[in-house]
Amino acid sequence: MSSVRVRFAPSPTGFLHIGGARTALFNFLYARHTGGTFVLRIEDTDQDRHVEEAVQVITDGLRWLGLDWDEGPDRGGPHGPYFQSQRKDIHRRYVQRLLDSKAAYEFEDKERGGTVIKFRMTREPVTVPDLICGNVTRPLNDTEMRDPDFVIVRSDGAPVFHLVNVVDDIEMRITHIIRGEDHLSNTPKHIALYRALGAEPPKFAHIPLILNADGSKMSKSDKGAALHEYINAGYAPEAVRNFLCLLGWSPKSDVEILSLDQMVERFDLPQVQRHNARFDQDKLHWMQGQYMMKLPPERFVELGRPFLAKAGLLEGQPEDYVRRVLAIVQGKPKLFSELPEWTVFFFREDFPTDAEAVAKTFGGQPQAWDLLEKLRGCFARVSDWTHTALDAALRDLAKSLGVKPAALIHPCRVAVSGKAIGPSLFHMLEVLGKNRVLQRLAAAREHLQFD
RNA sequence: GCCCCUAUCGUCUAUCGGCUAGGACACCAGAUUCUCAAUCUGGGAAGCCGGGUUCGAUUCCCGGUGGGGGCGCCA
């Protein structure tokens, strides 16, 4: 194991931002690539929040993406506790050190009232050696020049983000801070804090931000900003992860589809983009489609089952039957949330029928009913109920009747599934089984509510 | 207001000074197909602007402009 130690330090707001998810991914990939350690630290400084569930949103989200941490909640580790709220003594100790060394001082704010502790910030420009942005030298700006020192402990005794963040990173021996570029301007403050505490600043790597499709900042209220939206919409973790890793990072080749192992192998900081990236829903959707087709069947079942269960389609269904159904619809729906509508007719007799499909297939051609009846007779004589035998039987019948196979296929599809689109007809018939198919063909006229 | 980052097809990106600027998504056209997809072939589509450096700049430097971020007793 190398000496690299990185961390993802989210605040439990009950919400995992897609940008945060990517930050976590980059940290994870860097840790795995270097053989280092990935730490998860929860920055729950705000007392009056229901952190229980909020923390779970984060841990569930990370696990969903397949990002496991080496130290953190549920796992512990040698540098805990991993909840900031449980580290108050440590923070207090460090504040005292700053006070003792005169790097910080108590300050009575006459205007607002109350006494705070302020850090004596350097007046000199500070250079941030950044692994992605290069050396960034930042002088104080006009407002900072007016009052360079900043508050590190509030009047209620609670230390602020800048302080606890730096202290925890020191204590947890973090070597590389990979975080959003929105923190770049504040990094001089952090470096000054490190110096005042006699600690070697870690390496910094500020990654570009994720923007909305129109280029505006992606904030919490924006559609598509939360990871759980993608989870609920039925995206595959593999697809989201793959898409996210390509936002602001490039493997420097034409490959687009990358397994986790390939990402880990190729990921490094110099290939991280320096400019912000817009979130391209279309590309994510395409990538999702790729995974929907190529996911191993077992994985497809694993990810699809919850959506079927939620729709109440799985009760009493044999496991093997479910697997066979999913095997033939794989690649058809683009999202797992669409799975129920693609498969209802496999699980219920009262499946919905698409009026438009019925009208189009039977509307202008009353002979379709006769053809359907003939097809039923034909199928009734098929003893080897396999898609190949059914395929052959149907084509033979079409030939002897002097019609195109399609004239039988379409009515049959609508009769057994209620819709015009679906998986390969013959595979559908095979999985549905002979009894059910013959029954549906016989009942087609009433069931399709057509006379 | 001040400070910082940034700038290649609509979008994500490749290019370590030599470019007829490559790939992917999306889009358009055709092929194929039992539906829907998928797949295949082809097409249109970019170096923000202005200076410099150089034999030569998309690539390096400066300025402008655009975009983003920061300047809290938020994180």
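Chain letters run A, B, ... following the sequence lines, proteins first, then strands; residues in each count from 1.
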Base, sugar-phosphate alone, or nothing: which one does A/Gly113 contact when heavy atoms must sit under 4.0 Å apart?
-> base
Look at all strands and tell whether A/Arg274 reaches a base, only sugar-phosphate, or nothing, counting heavy atoms closer than 4.0 Å.
-> sugar-phosphate
Within less than 4.0 Å of OP1 or OP2 of B/C74, is there a side-chain N or O belonging to A/Arg154?
-> yes
Report which part of the nucleic acid A/Gln281 touches: base, sugar-phosphate, or nothing (heavy-atom distance under 4.0 Å, all strands).
-> nothing
Between A/Asn276 and B/G69, is there a side-chain N or O to OP1/OP2 distance below 4.0 Å?
-> no
Mind listing the closest non-hydrogen atom pair of A/Phe379 and A/Lys434 along with its distance?
-> O-CE, 3.6 Å
With both distances kept under 3.5 Å, what pairs with B/A24, Watson-Crick or G-U wobble?
-> B/U11
Given B/C36, B/C25, B/G68, the nucleotide with the shortest approach to the side chain of A/Asp282 | B/C25
With sugar-phosphate meaning primed atoms plus P, OP1 and OP2, does A/Ala406 contact a base, only sugar-phosphate, or nothing at under 4.0 Å between heavy atoms?
-> nothing
B/C62 to B/A57 separation - C1' atoms, rounded to the nearest Å | 15 Å
Partner of A/Glu71 under salt bridge (Lys or Arg N to Asp or Glu O under 4.0 Å), chosen from A/Arg41, A/Arg5, A/Arg7 = A/Arg5
Return the nearest nucleotide to the side chain of A/Leu184; candidates are B/A75, B/A38, B/C4.
-> B/C4
Just call it for A/Ser155: base, sugar-phosphate, or nothing, with non-hydrogen atoms closer than 4.0 Å on any strand.
-> base
Classify the side chain of A/Ser185 and the base of B/C71 as holding, or not holding, a donor-acceptor pair under 3.5 Å.
-> no
Are A/Arg348 and A/Phe351 in a cation-pi setup, meaning NZ or CZ lies under 6.0 angstrom from the ring centre and within 45 degrees of the ring axis?
-> no
Take atom P in B/U58 and the same atom in B/G50, then report the distance between them in whole Å.
-> 12 Å
Report which part of the nucleic acid A/Pro208 touches: base, sugar-phosphate, or nothing (heavy-atom distance under 4.0 Å, all strands).
-> nothing
Checking B/C34, B/G70, B/C2 against the side chain of A/Arg138 (C-beta onward), the nearest is B/G70
Spacing of the C1' atoms in B/C60 and B/C16 (rounded, Å) | 12 Å
Given the P atoms of B/C12 and B/U53, what is the spacing between them in whole Å?
-> 34 Å
Has A/Gln273 got a side-chain N or O lying under 4.0 Å from the OP1 or OP2 atom of B/A7?
-> no
Of B/C5, B/A75, B/U13, the nucleotide closest to the side chain of A/Phe161 is B/A75
Closest to side chain of A/Glu256, choosing from B/A24, B/C36, B/C71 = B/A24
Using a heavy-atom cut-off of under 4.0 Å over every strand shown, decide if A/Asp109 touches base, sugar-phosphate, or nothing.
-> base
Considering every strand shown, what is the Watson-Crick or G-U wobble mate of B/C16 when both distances are under 3.5 Å?
-> none
Could you please name the option among B/G68, B/C5, B/C36 that lies closest to any side-chain atom of A/Trp342?
-> B/C36
In this structure, are over 12 heavy atoms from other groups packed under 6.0 Å from A/Lys118 atom NZ?
-> yes
Which listed nucleotide (B/C5, B/A24, B/G68) is nearest to the side chain of A/Lys283?
-> B/A24
Identify the heavy atoms of A/Met145 and A/Leu140 that sit nearest to each other, and give their distance.
-> CE-O, 3.9 Å
Now, which nucleotide makes the Watson-Crick or G-U wobble pair with B/G63, with each of the two distances under 3.5 Å?
-> B/C49
Residue whose nearest RNA chain B nucleotide is more 5′ - A/Ala420 or A/Ser216 = A/Ala420
Below 4.0 angstrom from OP1 or OP2 of B/A75, is there any side-chain N or O of A/His183?
-> no
Any N/O donor-acceptor pair, A/Asp142 side-chain to B/G1 base, under 3.5 Å = yes
Does B/C40 have a Watson-Crick or wobble mate here (both distances under 3.5 Å), and if so which one?
-> B/G30
Given the C1' atoms of B/U13 and B/U8, what is the spacing between them in whole Å?
-> 9 Å
Is A/Lys252 touching bases, backbone alone, or none of the nucleic acid, heavy atoms closer than 4.0 Å?
-> sugar-phosphate
Contact class for A/Gly215 (heavy atom, under 4.0 Å): base, sugar-phosphate, or nothing?
-> sugar-phosphate
Nucleotide nearest A/Asn141 (side chain, heavy atoms from C-beta), chosen from B/U13, B/G68, B/G70 | B/G70
What nucleic acid atoms does A/Lys419 come within less than 4.0 Å of, heavy atoms only: base, sugar-phosphate, or nothing?
-> nothing
OP1 or OP2 of B/C25 under 4.0 Å from side-chain N/O of A/Arg278 = no
Which one is paired to B/C71, where only Watson-Crick or G-U wobble pairs with both distances under 3.5 angstrom count?
-> B/G1
Looking across every strand, which nucleic acid part, if any, lies under 4.0 Å from A/Val116 by heavy atom: base, sugar-phosphate, or nothing?
-> base
Name the nucleic acid region contacted by A/His162, choosing base, sugar-phosphate or nothing; use a 4.0 angstrom heavy-atom cut-off, strictly under.
-> base
Answer whether the closest heavy-atom distance between the side chains of A/Phe150 and A/Glu144 falls below 4.5 Å.
-> no
Which nucleotide sits closest to the side chain of A/Ile421: B/U35, B/U13, B/A26?
-> B/U35
Output the single nucleotide from B/U13, B/C3, B/C34 whose closest atom is nearest the side chain of A/Leu425.
-> B/C34
Would you jot down, in residue-number order, the residues of residues 288-296 of chain A having a non-hydrogen atom under 4.0 Å from RNA chain B?
-> A/Gln290, A/Met293
At under 4.0 Å between heavy atoms, what does A/Ser253 touch on the DNA or RNA strands: base, sugar-phosphate, or nothing?
-> nothing
With P as the reference atom in both, quote the distance from B/C61 to B/U6 in angstrom, rounded to an integer.
-> 10 Å
When we call it a touch if two heavy atoms are under 4.0 Å apart, what does A/Pro405 touch: a base, just sugar-phosphate, or nothing?
-> nothing
Between B/G22 and B/G63, how far apart are the C1' atoms? Round to whole Å, please.
-> 32 Å
